[in-house]
Amino acid sequence: MRIFGLVGLLAALVIVGLLVKKQFNGLAAPVLPPGSITSMPAGTAQGQNQQIQQQYKQAIDAAMQQPRKMPDDN
């Protein structure tokens, strides 16, 4: 009985491994042909992404620094 459990566990592991591999292969960015209208230099898109992330981080940090208003005790 233990052999069947081990075989089942290995089969599940293989299936999960194949699904993960399939997912990672699907995440590859599409390659645009040179000279196409929508193609941009590789550094530009990555630089814009990092700039947006930094702006969000700064906005969140600024919001966290604002003092909370305390209710009046009457």
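Atoms CD and CD, on Gln55 and Gln53 in that order, are 11.0 Å from each other to the nearest 0.5 Å. Taking CG of Leu18 as the reference point, atom CG of Leu13 lies at 9.5 Å (rounded to 0.5 Å).
Both Val16 and Phe24 sit in one connected hydrophobic cluster of ILVMFWY residues. Membership requires side-chain heavy atoms under 4.5 Å apart, directly or through other members.
Counting only residues at least two apart or in different chains, salt bridge (Lys or Arg N to Asp or Glu O under 4.0 Å) contacts with residues 7-16 are absent. The salt bridge (Lys or Arg N to Asp or Glu O under 4.0 Å) pairs that include a residue from residues 4-16 number zero, where partners must be two or more places apart or lie in different chains. Sequence neighbours left out, the pairs with a member in residues 49-66 that pass salt bridge (Lys or Arg N to Asp or Glu O under 4.0 Å) are Lys57-Asp61.
Enclosure of atom CD1 in Ile3 is not indicated, since only 12 or fewer non-hydrogen atoms of other residues, nucleotides or ligands lie within 6.0 angstrom.
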